[in-house]
J.: 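Mind looking over this structure? Questions follow.
Lettering follows sequence order; numbering is per chain, from 1.
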Amino acid sequence: MTNLQPVRGTHDLLPDDRRRHRHVENTAQKISELYGFDEMTTPIFEFTDVFARTLGDTSDIVTKEMYTFETKGGESVTLRPEGTAGVARAFISNGLAQHVPVKAFYKGPMFRHERPQKGRQRQFHQIGVELIGVEGPQADIEVIALGHHILKELGLLKSTVLEINSLGDVESRTAFRAVLTDYFQSHESDLSEDSRNRLVKNPLRILDSKDDGDRKVVAGAPDFAAYLNDDSKAFIDTVHQGLTDLGISFERNPKLVRGLDYYCHTAFEFTTSELGAQSAVLAGGRYDGLIEQMGGPSTPGVGWAAGIERLAMLAEDSPAKDRPISVVPVSPDLFARAQEMAQSLRNEGFFIEFSFTGNMKRRLKRADKSNARAALILGEDELKDDKVMLRDLDSGEQEAISLSAVVATLQTKYR
RNA sequence: GCGGGUGUAGCUCAGUUGGUUAGAGCGCCUGAUUGUGGUUCAGGAGGUCGUGGGUUCGAUCCCCAUCACUCGCCCCA
């Protein structure tokens, strides 16, 4: 071992961090189940094609951010950069078209080879949901409502804003793309170098450029809404109305363009201004062509993903750790007896701390440090009368109670 | 991938205009209290000054490289 630092962009999750993550995960999972979304897990790596063919040849994820390896068998595999492609692949692999609608919740690590910064790591963690097999906009409403509900439960509605846009169906998008390309080509000399590249690869992305020069050009660009056909218009209108009916406030953002090629119709992001350059906290959209494009039956889908690190940074403090009861032997002769007592109380369902070494004073100190609410002190004097000392560590009061009453006493006082 | 900043004890940070034993607070350990924690007092442990090279009689300090973190760009969760 020459280098004991973790690989760039990866982090250890020590218990305090892990508790915060778990709070996010558990909250998200609990709320998802209220909506009938059950957890499923797909492998954290897939054949490279699963991502390369679905995310789009021009997306940054595919062109520069994938962790791709060759296996001993000579096959190319990639650590998943996002969750939807894997779920879609699993949908096809397992013949889940027989069971639509599929409502999936997932959580786990994702990997992108990017420059780390605040709210961005190379290995990070996401929670996400996918609703597969429903054509109508009610699915979009349901999925956004679920995301909204989770943010509410985490106390994040005040620090986030829901932005929403329509990318239209294929017909609308093709038409708009042609008009938009013409427009930007006629202003090509005013565009930044980045945007001139985008003009070839994905002109829609010029719309959300941060470059000042680009913004001036964008200000005069044609409006996507004007090019939505009747179906696309009706679709997004229904989504807007549905959210309004549910009391979910949102802002329309015609510049919102998601980076992955598979999105259509509804695109949305819950954004924040509290994470430096990163604004998206929970984001997703509809991907009607994805499953067919992967070789499965034509099946619509809609979903979102959220970064657990980002949510954990924004969330209010997670619930405190449970407070244990400590079992403390007064002398070495009673260590074994104390451990037996600890064990039997655990069998009764109590959270018992039992430290392994040290004299009584040290053990009490450690009990205090573990935030124990009480200590059961085993000493020869009391044991002669079949009693133990029960000390409340908050009040400092203690009393000898009989061994046979320990469980009942703890039940009433500390549970 | 590109640009800026930072890197001294477990944590948060001083410091040295280049000079011999590098400091503080918090935390940790021991004792005052051989059957009682949280307060107090006394003592103690802990540092290749990110790493490698260079300049110098001498480098933690200056120079170069490198790694990591961080902020921004790109993009995204």
J.: Under a 3.5 Å distance rule, please check whether Glu82(A) uses its side chain to pair with a backbone N or O of Thr84(A) as donor and acceptor.
T.: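 Checking the backbone N and O of Thr84(A) against the side chain of Glu82(A), a donor-acceptor pair under 3.5 Å is found.
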J.: To the nearest angstrom, how far is Arg115(A) atom CZ from rC67(B) atom C1'?
T.: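 These atoms are roughly 12 Å apart.
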J.: If I pick the P atom on rG50(B) and the same atom on rC13(B), what distance separates them, to the nearest angstrom?
T.: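 That atom pair is separated by 15 Å.
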J.: rC73(B) C1' sits how many Å from Glu114(A) CD, rounded?
T.: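 Rounded to the whole Å, the gap is 13 Å.
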J.: Considering only heavy atoms and no angle criterion, is a donor-acceptor pair shorter than 3.5 Å present between the side chain of Arg362(A) and the base of rG37(B)?
T.: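 Under the 3.5 Å cut-off, the side chain and the base do not form any donor-acceptor pair.
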J.: Considering only atom P, compute the distance from rC61(B) to rU34(B) and round it to an integer number of Å.
T.: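 So the two P atoms sit 50 Å from each other.
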J.: Can you check the distance between rG3(B) and rG46(B), where both ends of the measurement are the P atom (answer in whole Å)?
T.: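 The same atom, P, in both gives a distance of 43 Å.
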J.: If we take the P atom in both rU60(B) and rC49(B), what is their distance in whole Å?
T.: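 The answer is 6 Å between these two P atoms.
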J.: How does RNA chain B look in dot-bracket notation if pairs are Watson-Crick or G-U with both distances under 3.5 Å, crossing ones as [ ], other-strand ones as |?
T.: (((((((..((((.....[...)))).(((((.......))))).....(((((..]....))))))))))))....
J.: Would you mind classifying the nucleic acid contact of Gly128(A) as base, sugar-phosphate or nothing, using non-hydrogen atoms under 4.0 angstrom?
T.: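 It contacts nothing in the nucleic acid.
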J.: Rounded to the nearest 0.5 Å, how far does CD of Glu251(A) lie from CG of Leu256(A)?
T.: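 Answer for the CG-CD pair, Leu256(A) versus Glu251(A), is 11.5 Å.
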J.: Taking the same atom, C1', in rG44(B) and in rG53(B), what whole-Å distance lies between them?
T.: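 Here rG44(B) and rG53(B) have their C1' atoms 38 Å from each other.
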J.: Heavy-atom nearest nucleotide on RNA chain B for Arg8(A) versus Ala283(A): which residue maps closer to 5'?
T.: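 Closer to the 5' end of RNA chain B: Arg8(A).
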J.: For the pair Arg286(A) (side chain) and Cys264(A) (backbone), establish whether a donor and an acceptor sit closer than 3.5 Å, ignoring hydrogens and angles.
T.: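 Such a contact is absent between Arg286(A) side chain and Cys264(A) backbone.
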J.: With hydrogens left out and only the distance checked, is there a donor-acceptor pair under 3.5 Å joining Arg120(A)'s side chain and the base of rC75(B)?
T.: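 Answer yes: a donor N or O sits under 3.5 Å from an acceptor.
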J.: Quick one: does Arg310(A) reach the base of rC76(B) with a side-chain donor-acceptor pair under 3.5 Å?
T.: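 Check passes, donor-acceptor contact within cut-off.
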J.: Any N or O donor-acceptor pair under 3.5 Å from the base of rG37(B) to the side chain of Asp368(A)?
T.: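 Yes, a donor-acceptor pair under 3.5 Å.
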J.: Does the distance from a Lys or Arg side-chain N to an Asp or Glu carboxylate O, for Arg20(A) and Glu309(A), drop under 4.0 Å?
T.: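 Salt bridge flag = no for Glu309(A) with Arg20(A).
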J.: Would you check if the distance from the ring center of Phe124(A) to the ring center of His11(A) is below 6.0 Å?
T.: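 Between His11(A) and Phe124(A), which both carry aromatic rings, the centre distance is not below 6.0 Å.
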J.: Mind calculating the distance between CG (Leu275(A)) and C1' (rC71(B)) to the nearest angstrom?
T.: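 Those two atoms, CG and C1', are 14 Å apart.
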J.: What integer number of Å spans the P atoms of rA68(B) and rG31(B)?
T.: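 One P to the other, the span is 44 Å.
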J.: Would you kindly say whether Ser344(A) and Asn347(A) are connected by a side-chain donor-acceptor distance under 3.5 Å?
T.: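 No donor-acceptor contact under 3.5 Å links the two side chains.
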J.: With distance as the sole criterion, do the side chain of Lys365(A) and the base of rU36(B) form a donor-acceptor contact below 3.5 Å?
T.: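 Counting by modelled atom types and ignoring angles, no donor-acceptor contact under 3.5 Å is found here.
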J.: Using nucleotides 9-13 of chain B, report all nitrogen or oxygen pairs with the protein that are shorter than 3.5 Å.
T.:
none

J.: Report the distance from atom CE of Met360(A) to atom P of rG35(B), rounded to the nearest whole Å.
T.: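 To the nearest whole Å, that distance equals 8 Å.
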J.: Please give the distance between the C1' atoms of rG27(B) and rG10(B) as a whole number of Å.
T.: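 To the nearest whole Å, 7 Å.
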J.: Taking everything shown except Arg18(A) itself, do over 12 heavy atoms lie less than 6.0 Å from its CZ?
T.: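 Buried by this count: over 12 neighbours within 6.0 Å.
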J.: Looking only at the side chains, is there a donor atom on one of Glu380(A) and Ser331(A) sitting less than 3.5 Å from an acceptor on the other?
T.: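 A pair is found: one side chain offers a donor N or O, the other an acceptor, under 3.5 Å apart.
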J.: Can you find a donor-acceptor pair, distance only, under 3.5 Å between Glu382(A) side chain and rG35(B) base?
T.: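 A donor-acceptor contact between them is present.
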J.: What's the gap between rC63(B) and rC71(B) when it is taken at their P atoms, as a whole Å value?
T.: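 Pairwise P distance, rC63(B) against rC71(B), rounds to 25 Å.
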J.: Compute the ring centroids of Phe176(A) and Tyr227(A), then answer whether they are less than 6.0 Å apart.
T.: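 Yes, ring centres under 6.0 Å apart.
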